[in-house]
Amino acid sequence: MAAKQISLPAKLINGGIAGIVGVTCVFPIDLAKTRLQNQQNGSRLYTSMSDCLIKTIRSEGYFGMYRGAAVNLTLVTPEKAIKLAANDFFRHHLSKDGKLTLVKEMLAGCGAGTCQVIVTTPMEMLKIQLQDAGRLGKRKLNTSVALSQAEVFLGKSAPMWCFERIHFM
C-alpha cells in the first residue's frame with residue numbers, strides 16, 4: 001500500500017495547532033527563564049523558576065504569565081508553515097528517486113531551520129522585551145525601541161542582523 005501524501009494545507013493546520021498547544025503549555029516556563037536571565041546581580045527579584053511564577057501571578061495575575069504570548073501565538077502558524085515548506089523544498093531537491101540519506105535529511109532540516117530562524121528572530125526579540133516588561137514594572141513596550149529594531153532589521157540583511165543581535169547582547 002502506497003503512503004498517502006498529506007496536503008500542504010493539512011500540514012500547515014496541524015503544525016499551527018501543535019504550535020499553539022506547545023506555546024500555551026510552555027510559555028510560563030519561558031517567561032520565568034527570560035526574567036531570571038535578565039536579572040541584574042545587585043537586584044535579584046527571583047530566586048527560582050517557581051518563585052518567579054508565584055510572584056508573577058501575585059503581582060500581574062494569572063494572565064501575567066502569558067505576557068508576550070500573543071506575539072508567539074501570532075508567529076506560530078507562519079513559523080511552522082515556513083519550516084514545513086522549506087523542509088519539503090530541500091528534501092525534494094536533495095532526494096534521488098524519493099530517497100534521502102541521513103546526511104541529506106540532516107541538510108534538509110538544517111536548511112529549514114535556517115529559514116525559520118531568519119524569519120522568526122525579530123519576533124523573538126519582541127517577545128523577550130514584552131516578557132521582561134513585567135519584571136521592570138513597565139506596562140507598555142517602548143515603541144521607539146521596537147521601531148528602531150525594525151528599521152535596523154529592514155536596513156540590513158537578516159543573517160547579519162541576527163548575528164549582531166545575538167553576539168552583542
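FYI, side chains are in, hydrogens and waters are out, and symmetry mates aren't considered; it's all heavy atoms of this structure. What you see is a predicted model; the values in this text were computed from it and never measured.
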When you compare the side chains of R35 and T56, does any donor N or O come within less than 3.5 Å of an acceptor on the partner? yes
Euclidean distance, C110 SG relative to E105 CD, rounded to 0.5 Å: 14.0 Å
Would you say F90 and I118 are hydrophobically clustered, going by side-chain heavy atoms of ILVMFWY under 4.5 Å? no
Would you compute the distance between atom CZ of F89 and atom CG of L94 and round it to the nearest 0.5 angstrom? 9.0 Å
Of all the heavy-atom pairs spanning I20 and T24, show the shortest one and how long it is. O-OG1, 2.8 Å
To check you understand the geometry: which heavy-atom pair defines the closest contact between A112 and N87, and what is its length? CB-N, 3.6 Å
Kindly compute the distance separating CE (M49) from CG (L31), expressed to the nearest 0.5 Å. 9.0 Å
Hydrophobic clusters here meaning ILVMFWY residues chained together by side-chain heavy-atom distances under 4.5 Å, can you tell me if L102 and L100 are in one? no
Do Y66 and V26 land in one hydrophobic cluster if side-chain heavy atoms of ILVMFWY residues count as linked below 4.5 Å? no
Would you mind checking if R91 and D88 are paired as a salt bridge, meaning a charged N to carboxylate O distance below 4.0 Å? no
Heavy atoms of V117 and T121 approach each other most closely as O-OG1, 2.7 Å
Hey, could you give me the CD/NZ distance between Q116 and K83, rounded to the nearest 0.5 Å? 4.5 Å
Interatomic distance, T34 atom OG1 to F27 atom CZ [nearest 0.5 angstrom]: 7.5 Å
Is there a path of hydrophobic side-chain contacts, each under 4.5 Å between heavy atoms of I, L, V, M, F, W or Y residues, that connects I54 with Y62? no
Salt bridge (charged side-chain N to carboxylate O under 4.0 Å, His left out) with K55: which residues, sequence neighbours excluded? D51
Quick check for you: to the nearest 0.5 Å, what is the distance between S59 atom OG and L45 atom CG? 9.5 Å
